[in-house]
Protein chains: 2
Amino acid sequence: MKISAQEEYGLRCLLELARARDGQVMTVREIAGKEALSSAYVEKLLRLLAKAGLVHSLRGLKGGYVLNRAPSQVTLGEVVRAIGQVPTTDHICTQFTGMQAECVHFSNCGIRSVWSGLTNYIQNFLDHATLESLLGDEYAVSNRLAHGLRQAHDPTRR
Amino acid sequence: MKISAQEEYGLRCLLELARARDGQVMTVREIAGKEALSSAYVEKLLRLLAKAGLVHSLRGLKGGYVLNRAPSQVTLGEVVRAIGQVPTTDHICTQFTGMQAECVHFSNCGIRSVWSGLTNYIQNFLDHATLESLLGDEYAVSNRLAHGLRQAHDPTRR
DNA sequence: CGAATACTTGACAACTTAGTCGTGTTTCTG
DNA sequence: CAGAAACACGACTAAGTTGTCAAGTATTCG
């Protein structure tokens with residue numbers, strides 16, 4: 001259970017774009033500089049994000065990357081799903097099969113319930129945080145997160 | 001963001017032990033058979049669990065593994081922490097540093113808040129599910145999980 | 001004792017993920 | 001049009017995870 005490097009750095013790059021004033025383009029070099037990452041790596045990450053439709057690229061001189069939507073319209077869930085391989089509920093028990101073609105507990109699996117419960121639980125968290133909610137200083141972000149979760153963290157409530 | 005294979009299979013092995021009647025020892029071979037995994041692999045996983053104090057091993061003929069505590073006294077959180085490298089809050093921003101010795105946003109980091117919030121959120125889920133709650137059939141497990149979470153999933157409430 | 005059973009340990013090969021590099025393509029500017 | 005700035009892409013190296021193997025140690029039982 002861990003956050004992958006791509007997810008971490010991809011989100012950072014996206015946040016740099018979100019901080020750019022009114023849809024200003026930023027070059028890979030600028031972003032790399034601000035995040036102390038190599039340009040080559042930032043490029044790779046941005047291409048992933050572009051493929052997922054979260055950012056848009058402009059080629060040529062004066063080119064660069066821009067956020068495709070307002071920061072308030074992009075959820076962390078989308079970012080993580082775009083960049084990392086997030087296991088969806090149906091990967092469970094087809095991904096882990098041991099030595100047989102099908103999960104040993106296919107018809108009655110105690111693990112599946114927890115894993116899919118956990119997966120949903122996490123998605124719920126991520127889907128309620130937007131890029132915008134991560135802007136501003138750290139203290140403010142913590143507060144917003146705690147507040148957002150108090151309202152929205154219960155996957156079982158209607 | 002994903003569940004590692006070790007976490008998955010380690011939990012499965014532990015559940016097999018939890019299903020054994022009144023602390024009956026089970027051999028690696030038996031567990032491997034029931035979960036359709038190789039004996040070598042199950043051995044490795046059980047050693048990890050033993051190192052963490054979750055199971056106890058008995059050597060020699062008639063040896064095997066036993067759960068160290070009652071299933072109701074073992075939380076998923078412990079299992080996952082024993083087996084996988086769960087990032088704690090203080091790994092964040094020391095693990096991901098880019099090209100500098102210290103995180104670029106050390107003093108004011110928008111990412112840290114989310115990541116640590118997410119980490120706590122997940123731990124909260126895992127710490128409220130016990131091995132016992134995963135026994136029984138899948139339908140019952142789902143219900144118990146939903147029920148448990150409704151009471152205990154809010155890290156911000158006191 | 002000695003043979004069989006079962007855990008113990010560390011090394012290792014296969015695979016996946018992380019991060020880099022070189023070369024190519026597009027666009028702007030003079 | 002030529003050169004510079006910037007993205008595009010695929011191949012490649014390095015590092016970390018998975019899963020296996022072989023040789024070793026402890027325990028039981030005849």
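Numbers restart at 1 for each chain; the letters A, B, ... are given by sequence-line order, proteins then strands. Just so you know, these numbers use all the heavy atoms, side chains as well, and skip hydrogens, waters and symmetry mates. If you're wondering where the values come from, they're calculated on a predicted model, not measured in any experiment.
- Here the side chain of A:R69 pairs no donor or acceptor atom with the backbone of A:V74 at under 3.5 angstrom.
- For A:L48 and C:dT17, the CG to P distance is 13 Å, given to the nearest whole Å.
- Residue A:R29 contributes atom CZ, which lies 17 Å from atom C1' of D:dA8 at whole-angstrom precision.
- A straight line from CG of A:L61 to P of D:dA2 spans 18 Å, rounded to a whole angstrom.
- Looking at which nucleotide of DNA chain C each of A:Y41 and A:G60 is closest to, the 5′-most match is held by A:Y41.
- Between the C1' atom of C:dT20 and the CD atom of A:Q6 lies a distance of 14 Å, rounded to the nearest Å.
- For A:S133 (side chain) and A:A129 (main-chain N/O), no donor-acceptor pair under 3.5 Å exists by modelled atom type.
- Separating the CZ atom of B:R12 from the P atom of D:dT18 is a distance of 15 Å, rounded to the nearest angstrom.
- Note: B:F125 and A:Y121 have tilted aromatic rings, judged against thresholds of 30 and 60 degrees for the angle between ring planes.
- A salt bridge links A:R19 to A:E16: at least one charged side-chain nitrogen sits closer than 4.0 Å to a carboxylate oxygen.
- Of the two residues contacting DNA chain C, namely A:Y9 and B:R47, the nearest-nucleotide position lying further toward the 5' end is that of B:R47.
- Counting any heavy atom pair closer than 4.0 Å across all strands shown, A:K51 reaches no nucleic acid atom.
- Rounded to an integer number of Å, the gap from A:K44 NZ to D:dA11 P is 12 Å.
- Salt bridge annotation for B:R12-B:E8: present, with a cationic side-chain nitrogen under 4.0 angstrom from a carboxylate oxygen.
- For A:V28, whose side chain is taken as the heavy atoms from C-beta onward, the closest listed nucleotide among D:dC7, C:dC7, C:dA18 is D:dC7.
- Looking at heavy-atom distances under 4.0 Å, B:E43 makes contact with a base.
- Residue B:T27 places no side-chain N or O under 4.0 Å from the OP1 or OP2 atom of C:dC7.
- Among the protein residues, A:L58 comes within range of the sugar-phosphate backbone only, with heavy atoms under 4.0 Å from sugar or phosphate atoms but none that close to a base.
- Listed pair A:S57 / D:dC7 fails the phosphate criterion, with no side-chain N or O lying under 4.0 Å from OP1 or OP2.
- B:L17 places its CG atom 14 Å from the C1' atom of C:dC7, with the value rounded to the nearest Å.
- For the pair B:L45 CG and D:dT18 P, the computed distance is 10 Å after rounding to whole Å.
- With hydrogens and angles ignored, a donor-acceptor pair under 3.5 angstrom links the side chain of B:R59 to the base of D:dT25.
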